[in-house]
Number of protein chains: 2
Amino acid sequence: MTTKPTRSKRATVHDVALEAGVSRGTVSRYVNGERYVSAAAREAIEAAIAKVGYVPNTAARNLVMQRTQAVGFIVHEPHSLFVEDPNIGEILLGANTRLSEADHQMAVLIVDTERDTDRVARYLSGGLVDGVIIVSARADDPVTRVVDRLRLPAAYVGHPPGAAGSASFVVIDNVGAAASITRRLMETGRRRIGMVAAALDRDSGADRLAGFREALGDAFDEALVEPVPLYSYSAGRDGMRRLLERAPDLDGVFAASDAVAAGAIEAIKETGRSVPDDIGVVGFDDSAWALRTTPALSTVRQPAAGLGAEAARLVLARLRGDEPAAEVRLDCDIVWRGSA
Amino acid sequence: MTTKPTRSKRATVHDVALEAGVSRGTVSRYVNGERYVSAAAREAIEAAIAKVGYVPNTAARNLVMQRTQAVGFIVHEPHSLFVEDPNIGEILLGANTRLSEADHQMAVLIVDTERDTDRVARYLSGGLVDGVIIVSARADDPVTRVVDRLRLPAAYVGHPPGAAGSASFVVIDNVGAAASITRRLMETGRRRIGMVAAALDRDSGADRLAGFREALGDAFDEALVEPVPLYSYSAGRDGMRRLLERAPDLDGVFAASDAVAAGAIEAIKETGRSVPDDIGVVGFDDSAWALRTTPALSTVRQPAAGLGAEAARLVLARLRGDEPAAEVRLDCDIVWRGSA
DNA sequence: GGCAAATCTGTGCACGTTCACAGAATCAAC
DNA sequence: GTTGATTCTGTGAACGTGCACAGATTTGCC
């Protein structure tokens with residue numbers, strides 16, 4: 001059982017020095033591209049490195065430097081995220097690009113099971129990364145506790161749970177985006193515009209309603225807002241049914257999410273009305289729902305790559321010792337399809 | 001510029017020892033749960049750890065242990081992969097689950113730009129991971145070179161480029177899957193079954209044709225095979241047009257990929273025939289194409305999570321010093337939708 | 001040739017941990 | 001009370017690197 005790996009010993013800086021007939025210090029200087037190494041020494045060292053097959057040991061370097069040039073990227077609840085949400089990949093790439101420019105390595109750590117949580121927490125606390133980016137953080141979690149306790153430079157994508165001491169966070173501008181798409185709906189000639197608002201107990205839900213109200217200004221009519229509890233298809237369908245009964249003359253609807261919008265379209269079609277001829281519908285998120293409806297949804301797209309890049313920028317700033325903004329809000333794009 | 005981080009010094013095992021009035025060795029034994037630490041010492045150490053806020057430094061441990069309990073997971077060409085291919089997420093999770101069970105940390109490293117390549121190669125060679133899983137490896141790449149040169153325990157998902165020294169690889173059973181779906185096509189009553197074969201110069205393409213031939217046995221007819229160069233929509237459409245001219249009495253088609261199948265369906269509809277009533281069509285991959293066609297494609301689904309899990313198993317075996325199979329072939333599932 | 005500056009080199013120490021070993025204390029048995 | 005095993009503890013060395021410092025050598029200049 002478990003036989004000793006007996007991995008052939010790796011060459012060290014010492015072996016190179018011996019082979020090249022110089023000292024450890026000189027080899028170290030050559031490897032790190034410092035000044036003050038003679039041409040003769042350089043050649044000897046180059047030959048020696050090639051001969052013994054030397055590669056620097058990063059673990060040893062990390063230990064003495066107290067720095068790793070690496071940033072962790074933590075993904076929670078990967079099943080739902082990876083499979084359904086195309087955004088996570090974009091966020092990942094956006095962050096990687098920015099970190100790469102700053103010559104930092106990004107290590108994605110996946111938290112799936114309970115075991116993962118503790119192991120990742122150990123990994124972070126072990127000094128293997130200088131900072132960390134966290135998406136969809138959970139409220140009471142060993143990972144976030146470790147980040148807090150060690151004051152590990154961190155940036156959250158989305159609102160962090162609780163007060164984040166040494167962390168910034170980057171979110172999308174829900175208010176602005178909601179206002180923007182509502183305004184565009186008005187510009188297409190819609191006069192009586194309603195909203196199926198969802199999850200008003202959460203920031204995102206409340207903000208989207210606020211943006212809707214802001215865009216309409218004086219034209220805002222409380223009676224045309226139908227609140228539903230969840231960002232779901234069925235909630236959207238039921239909410240839209242109620243809204244149509246109350247206001248049959250509606251000609252435009254802003255749904256708080258694509259799933260809600262898909263439900264709303266279903267409800268509209270039930271009454272014999274057509275989308276977008278009778279009623280224009282817009283959603284939010286540009287999720288998979290947006291392409292499943294007929295016609296396809298006009299909706300708000302998150303700047304996913306931007307979220308990742310911005311989170312990376314915030315972490316890098318903290319790494320330099322700066323104190324960046326605690327909160328960054330990003331604007332969203334609108335994708336115009338057939339539904340409005 | 002770049003002010004010193006001045007991070008408050010982390011507590012070490014030495015600080016704990018001082019605080020608890022015992023020696024480093026005893027603290028180390030306690031932390032690692034070894035035998036031979038008295039109740040009195042244990043209590044003192046626990047209190048001391050809580051007081052000074054000690055967390056073990058993994059970098060130092062890695063250095064002396066020559067082992068990290070971590071495995072790298074390398075993703076090439078992430079743009080196309082993450083955005084279009086849902087499989088990559090599943091592979092990731094499958095691998096993570098298996099590694100997690102073995103108490104190993106998985107670190108996903110993304111190779112996007114040229115800079116990434118070198119940095120990741122450095123990361124791997126630095127001894128920060130014990131082994132590595134590589135998806136979609138490229139032919140001549142610093143990463144694969146490092147893996148080869150250091151004889152880093154590795155497992156490839158898909159065929160590795162060139163001869164892989166210390167590596168295994170895991171692939172899907174193209175022959176078996178092709179035979180299987182062809183057989184199912186026959187069972188639905190199709191009599192004259194053709195194939196739009198693609199990329200016969202690649203293993204995957206040749207194997208899928210071989211499976212097709214195997215399933216048909218004596219009923220195989222060379223004339224009903226139309227080879228096209230690429231796994232593309234347009235190649236599928238053009239190939240199917242030719243095939244239909246040559247064999248108008250066809251009632252079933254196996255397309256070498258979903259994209260090819262989508263093109264084939266287009267060509268079939270051009271002639272006024274219907275799918276699946278006149279001609280049944282099956283594809284391969286269960287990609288996004290499969291749901292875009294009308295009717296939706298019956299196709300072969302890769303056991304993505306299984307690929308990841310198996311790759312993880314192979315790496316773990318090598319880590320233990322075993323010499324696992326050089327190649328592992330996994331069976332595929334068939335998803336039966338409307339197209340056949 | 002003398003002197004200062006610039007360039008080059010080697011040595012010891014530190015980083016924080018684990019491990020082997022030696023020694024101390026406790027216990028059991030006669 | 002001696003012996004021997006068992007349990008517990010402390011110490012020094014090692015892992016492979018970077019850095020400060022001291023010393024050696026070369027260069028530039030008058």
Side-chain angles (χ1 to χ4, degrees), chain A residues 4-5 7-45 48-49 52-70 122-123 125-128 130 150, chain B residues 4-5 7-45 48-49 52-70 122-123 125-128 130 150:
Chain A
K4 262 290 174 35
R7 193 107 44 91
S8 57
K9 274 193 138 8
R10 295 169 49 137
T12 76
V13 72
H14 194 83
D15 300 326
V16 175
L18 219 62
E19 179 71 29
V22 296
S23 73
R24 293 184 350 254
T26 307
V27 176
S28 175
R29 273 186 289 272
Y30 168 79
V31 171
N32 296 330
E34 286 175 29
R35 304 186 334 174
Y36 299 150
V37 35
S38 66
R42 179 162 40 241
E43 282 173 33
I45 292 172
I49 285 181
V52 303
Y54 168 74
V55 284
N57 182 317
T58 314
R61 175 178 290 167
N62 288 348
L63 181 57
V64 63
M65 302 275 279
Q66 304 286 76
R67 193 168 30 115
T68 64
Q69 294 277 94
R122 276 210 311 275
Y123 189 92
S125 61
L128 265 47
D130 295 337
L150 296 181
Chain B
K4 262 291 176 28
R7 193 109 42 91
S8 57
K9 275 195 134 10
R10 292 170 50 138
T12 77
V13 73
H14 194 83
D15 300 326
V16 176
L18 220 61
E19 180 71 30
V22 296
S23 74
R24 290 182 353 253
T26 307
V27 176
S28 175
R29 274 185 289 271
Y30 167 79
V31 171
N32 296 331
E34 286 174 30
R35 303 187 337 175
Y36 299 150
V37 33
S38 66
R42 178 161 39 244
E43 281 174 34
I45 293 173
I49 286 182
V52 302
Y54 168 73
V55 283
N57 182 318
T58 314
R61 174 178 292 167
N62 289 348
L63 180 58
V64 63
M65 302 273 279
Q66 304 285 74
R67 194 169 28 116
T68 64
Q69 295 276 94
R122 277 209 313 274
Y123 190 91
S125 60
L128 265 46
D130 295 336
L150 296 181

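Residue numbering restarts at 1 for every chain, and letters A, B, ... go by the order of the sequence lines.
The side chain of Thr26(A) places no N or O atom within less than 4.0 Å of a non-bridging phosphate oxygen (OP1 or OP2) of dC8(C).
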* To do: Before giving the answer on side chain to side chain contact (heavy atoms under 4.5 Å, CB included), spell out for Val31(A) and Arg61(A) the whole-Å C-alpha distance, their side-chain angles and the decisive distance to 0.1 Å.
  => CA-CA 12 Å; Val31(A) 171; Arg61(A) 175 178 290 167; 4.0 Å; yes

* Please test Thr26(B) against Tyr36(B) for side chain to side chain contact (heavy atoms under 4.5 Å, CB included), starting from the C-alpha separation and ending with a verdict. => CA-CA 9 Å; Thr26(B) 307; Tyr36(B) 299 150; over 6 Å; no

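In this structure, Glu19(B) and Val27(B) have side chains that are not in contact, with every pair of non-hydrogen atoms separated by 4.5 Å or more. For the pair Ile45(A)/Val16(A), a side-chain contact is recorded, criterion being any heavy-atom separation below 4.5 Å from C-beta on.
How far CZ of Arg10(A) is from OH of Tyr54(A): 8.5 Å, rounded to the nearest 0.5 Å. Between the CG atom in Asp130(B) and the CG atom in Asn62(B) there is a gap of 8.0 Å [rounded to 0.5 Å].
Counting to the nearest Å, the C1' atom of dT17(C) and the CG atom of Leu18(B) are 17 Å from each other. For the pair Glu34(B) CD and dT7(D) P, the computed distance is 15 Å after rounding to whole Å. If you take NE2 of His14(A) and P of dT9(C), they are 18 Å apart, rounded to a whole angstrom. Look at CZ on Arg29(B): it is 8 Å from C1' on dG10(D), rounded to the nearest Å. Straight-line distance from the CZ atom of Arg122(B) to the C1' atom of dT17(D): 16 Å, rounded to whole Å.
Counting non-hydrogen atoms under 4.0 angstrom, Ala59(B) reaches nothing in the nucleic acid. Val31(A) comes within contact range of no nucleotide atom at all, as no heavy-atom separation falls under 4.0 Å.
With dG18(D), dT11(C), dG10(D) as the candidates, the nucleotide lying closest to the side chain of Ser28(A) is dG18(D). Of the candidates dT9(C), dC8(D), dT18(C), the closest approach to any side-chain atom of Asn32(B) belongs to dT18(C).
If you find the closest nucleotide of DNA chain D to Tyr36(B) and to Val22(B), the one lying nearer the 5' end belongs to Tyr36(B). When each of Arg35(B) and Arg67(A) is assigned the nucleotide of DNA chain D with its nearest heavy atom, Arg35(B) is the one assigned upstream, toward the 5' end.
Counting only distance, with no hydrogens or angles, the side chain of Asn57(A) and the backbone of Ala59(A) share a donor-acceptor pair below 3.5 Å.
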Can you name the atoms? Protein N/O to nucleotides 14-16 of chain C N/O, anything below 3.5 Å, with the distance.
| residue | atom | partner | partner atom | Å |
| --- | --- | --- | --- | --- |
| dG16(C) | OP1 | Gln66(A) | NE2 | 3.4 |

